[in-house]
Amino acid sequence: IGDPESFLFYPLHWVFFFSQPAPWFGVIVMLHLLMAGLFMYLYLRQIGNSKWASLTGGIIFAINAKIIGAVFAGHITFLPVVFAPLVMYLGERLIVERHWKFGILLGLVLGLQAVGIHAQLLIYLAGFYFAYFVFRLAARFRKEKDYFSWNNIFRLGVIGLSALAITAAIVLPYILP
């Protein structure tokens, strides 16, 4: 259970544990590709792009060579990378609207991504998310000088606790003696 490479807690892989994986492999891949396009579309719309530019960006992200190449090589552990635009979308909503529900959703998506992706990719994504949100918060801080408040620290705590709640079965065996 504590093996992060078993992906036992990734809900979109549960079908592989209860039936023959061959017929479901294509369905899972197509579902992830559709989510990739949708999530990129939502993110691009959130940051102010037009509908056509967002649609084009979503299609290009969904069929990019890295995702398709990894899938054809059989690396389904790469598929949860499609949640990256959703993480950025929810982060943007949290930064702009400052509502705690986006913190909970962001934490849940981060946790879902963490339990389904290869550990090395998770480290890369964590570095990317850190750099992206530091940049976004610094840009926001230039506009509003009071951005580092207790409410924002609370939002970060909500994100962390939500992500930890999802990944607890994987993280806790490494932390506890």
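Keep in mind that the numbers below use all heavy atoms, side chains included, and drop hydrogens, waters and symmetry copies.
Remark: E92 CD to Y43 OH distance equals 5.5 Å, nearest 0.5 Å. Rounded to the nearest 0.5 Å, atoms CG (L33) and CG (N64) are 9.0 Å apart. In this structure, L38 CG and F61 CZ are separated by 12.0 Å, a value rounded to the nearest 0.5 Å. Residue M88 holds its CE atom at 11.5 Å from CZ of R136, rounded to the nearest 0.5 Å. To the nearest 0.5 Å, atoms CD1 (I95) and CG (L90) are separated by 11.0 Å. Atom CG of L86 sits about 11.0 Å away from atom CE of M40, to the nearest 0.5 Å.
In this structure, H75 contributes its side chain and T77 its backbone to no donor-acceptor pair below 3.5 Å.
Environment of CD in E97: crowded, with over 12 heavy atoms of neighbouring residues, nucleotides or ligands closer than 6.0 Å.
In this structure, the side chains of L125 and Q120 stay at 4.5 Å or more apart for every pair of heavy atoms. In this structure, L112 and Y10 have side chains that are in contact, with non-hydrogen atoms separated by less than 4.5 Å. Here the side chains of I28 and H32 are in contact, with some heavy-atom distance below 4.5 Å. Inter-residue side-chain proximity for Q46 and Y41 is flagged as unmet; no heavy-atom pair is nearer than 4.5 Å. A heavy-atom distance below 4.5 Å is not found between the side chains of F78 and I117.
Taking every heavy atom of both residues into account, G57 and L44 meet most closely at CA-CD1, 3.7 Å. Between A36 and A62, the shortest heavy-atom contact is CB-CA, 4.0 Å. Of all the heavy atoms in V27 and P23, the pair that sits closest is CG2-O, 3.9 Å. Nearest heavy-atom pair, F133 versus V87, reported as atom, atom and distance to 0.1 Å: CZ-O, 3.7 Å. Closest non-hydrogen pair, V71 versus F25, comes out as O-CZ, 4.2 Å. Across every non-hydrogen atom of G103 and L94, the tightest pair is N-CD1, 3.8 Å.
No single ILVMFWY cluster, assembled from side-chain heavy atoms under 4.5 Å apart, contains both I47 and F135. I123 and L110 sit in two unconnected hydrophobic clusters of ILVMFWY residues. Membership requires side-chain heavy atoms under 4.5 Å apart, directly or through other members. Hydrophobic clustering, with ILVMFWY side chains joined whenever heavy atoms are under 4.5 angstrom apart, groups I68 together with F83. L79 and F128 fall within a single hydrophobic cluster, where Ile, Leu, Val, Met, Phe, Trp and Tyr are joined by side-chain heavy atoms under 4.5 Å apart, directly or via other members. Hydrophobic cluster membership differs between I60 and L55, with clusters built from Ile, Leu, Val, Met, Phe, Trp and Tyr side chains linked at under 4.5 angstrom.
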**OP:** Run the numbers on L31 and L12 for side chain to side chain contact (heavy atoms under 4.5 Å, CB included), then give the verdict.
**Re:** CA-CA 9 Å; L31 180 63; L12 296 173; 3.8 Å; yes
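Annotation: salt bridge (charged side-chain N to carboxylate O under 4.0 Å, His left out) contacts of R45 (sequence neighbours excluded): none.
Side-chain rings of F39 and Y89 stay apart, their centers remaining 6.0 Å or farther from each other.
If you check the side chains of Q113 and Y129, you find a donor sitting under 3.5 Å from an acceptor.
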